[in-house]
There are 2 protein chains.
Amino acid sequence: MAAGILVVDDEQSIADLIEVYLKNENYDVYKSYNGLDALKHVETQNIDLAILDVMLPDIDGFSICQKIREKHNFPVIMLTAKDEEIDKITGLTLGADDYVTKPFQPLELVARVKAQLRRYTRYNSSEISREEKLITIAGLVLNKDTHECTLNEKPLSLTPTEFSILWVLASNRGRVVSSEELFRKVWGDKYYTNSNNTVMVHIRHLREKMNDNAEHPKYIKTVWGVGYKIEK
Amino acid sequence: MAAGILVVDDEQSIADLIEVYLKNENYDVYKSYNGLDALKHVETQNIDLAILDVMLPDIDGFSICQKIREKHNFPVIMLTAKDEEIDKITGLTLGADDYVTKPFQPLELVARVKAQLRRYTRYNSSEISREEKLITIAGLVLNKDTHECTLNEKPLSLTPTEFSILWVLASNRGRVVSSEELFRKVWGDKYYTNSNNTVMVHIRHLREKMNDNAEHPKYIKTVWGVGYKIEK
DNA sequence: ATGCCGCCTTAAGATAATCTTAAGAAATTT
DNA sequence: AAATTTCTTAAGATTATCTTAAGGCGGCAT
């Protein structure tokens, strides 16, 4: 899986420029023009590295960096127009891993991104290895680590099987998953017996908790005679 | 233990200057004025970070960096007079973790050293070689060296297994740990037998000592059908 | 269009699994 | 031998899962 990179800069043109260069290297880019939006991305997307501008309309980059550090481990590269030494020290001390001053050469930034990621993955190497842990689909957030699930910020308390089913649907979003496949993925192949509607029952419970009605489902759609799916 | 830092520069005055600043921060400094000597240090001393000048009389800094990378994992900061973009990219691509151009501000260099070391120990902490020895989570402090544990300054007297369990939970904070995983990590894989509720019993004892009630636990939360977790 | 069949939804109760708690036995340490 | 720690067992509470069955709806054939 490609690494996810968060780019935060209030100057759209700069954020866009960085995005182009990063996408050219096949990274998944998440762009924000302000701090609040950025923090939301951090909680809902699989981020492996953040590039933060210091000057932002709402929260400054240093604070964002600190907030990230409370929960996350991935590298942070600070970006700023000021190049006074004192700022560099502040940034690095607050937990940033690198510091690039504007104006910068895009290729150098990309090189630094690679260096940080190489380091990051070197340490995390076999252990975590970039399995998807977070899935976000239109207000629905699933966290496999904590088994937490929120719908439009509100937590849903799901039972283990409910969570598993939703996870399978979400990780196959955009594709119809037959109830047989669902069953095999959630319970395991060996437990499968045909003519089993327990999947449907769980789907029903899920829809209830998600306030989704079967007639016009917002999330879990049923495809007659085939299975269920979640739109992309 | 203070971190060991290797400083390599053929200009003695510069190496000495860096040494002064690093010693001031209580690092163990190993100085070399040429590449061969530097590589000898790498093999014989406990090095946690290297600062390499690119221009050296015998071997160039990039080659030293590559040699280091064959066997070691610690961060490398390249140091050079050339500040053309292409060189930076070369350096970072060859496995360096940061790049500082001369003339540089000593304090900035120190800050970058700190940032790299922080990163290095952060990654090595939980999983790999270098062990995390102290974990602090919201009033709860665990010391692996002494097996001591305090909660809001007050010491808790935990039995060895209790400590181990709490340690596993704490070092995986923010993630649900299944009781099977807990068992395997505390007792070892080979002892695992299914249908074992001894973990739960110990959890119960822990909660008792921590004054945590199962209904609204402040520390050890149970995730039904999945496992236990401590919040980040 | 109409009616039928089969798939899907929904409800409710039965069954099963997991967790908490307690108490005492076994093992280990002091 | 005493004290501590660890493990086993089991009852009770809680929660999750499955089964069943009735009714609704979609698609298909006539």
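When reading the values below, keep in mind they use all heavy atoms of this one structure, side chains included, and skip hydrogens, waters and symmetry mates.
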Where protein sits on nucleotides 25-30 of chain D, one letter per nucleotide: B base, S sugar-phosphate only, - none, heavy atoms under 4.0 Å: BS----
Whole-Å gap separating P (C:dA17) and NE2 (A:H202): 13 Å
A:L56 and A:N34: CA distance, side-chain angles, deciding distance, side-chain contact (heavy atoms from CB on, under 4.5 Å) verdict: CA-CA 6 Å; A:L56 292 172; A:N34 64 72; 5.8 Å; no
With sequence neighbours excluded, residues passing salt bridge (Lys or Arg N to Asp or Glu O under 4.0 Å) with A:E181: A:R175, A:K185
Nearest listed nucleotide, side chain of B:M200, among D:dT8, D:dA21, C:dC19: C:dC19
Contact nearer the 5' end of DNA chain C, comparing A:G225 with B:V201: A:G225
Protein-nucleotide distance (A:N213, atom CG; D:dG24, atom P), rounded to Å: 17 Å
Aromatic plane relationship, A:H72 with A:F74 - under 30° parallel, 30 to 60° tilted, over 60° perpendicular: tilted
Whole-Å gap separating P (C:dT21) and CG (B:N197): 13 Å
Short side-chain N/O contact from B:R207 to OP1 or OP2 of C:dT20, under 4.0 Å: yes
Protein-nucleotide distance (A:K221, atom NZ; C:dT9, atom P), rounded to Å: 14 Å
Of B:G227 and A:V223, the one whose closest DNA chain C nucleotide lies more 5': A:V223
Non-hydrogen atoms of A:Q116 and A:D98 that approach each other most closely: NE2-CB, 3.7 Å
Nucleic acid contacts - residues 156-179 of chain A versus DNA chain C, non-hydrogen atoms under 4.0 Å: none
Atom-pair distance (CD1 on A:I203; P on D:dT17), nearest Å: 13 Å
Flag if over 12 foreign heavy atoms under 6.0 Å of NZ, B:K40: no
Sugar-phosphate only, base, or nothing, as touched by A:Y228 at under 4.0 Å among non-hydrogen atoms: sugar-phosphate
Side chain of B:H205 - closest among C:dA22, D:dC7, C:dT10: D:dC7
For atom CH2 of A:W187 and atom C1' of D:dT17, their distance in whole Å: 9 Å
Flag if over 12 foreign heavy atoms under 6.0 Å of CD, B:E43: yes
Separation of atom CG in A:N211 from atom P in C:dT10, rounded to whole Å: 12 Å
Residues B:D97, A:R118: salt bridge by 4.0 Å N-O rule: no
Sub-4.5 Å side-chain heavy-atom contact between B:V177 and B:Y228: no
NZ/B:K209: more than 12 non-hydrogen atoms of other groups inside 6.0 Å: yes
d(CG, B:D212; C1', C:dT20) in whole Å: 14 Å
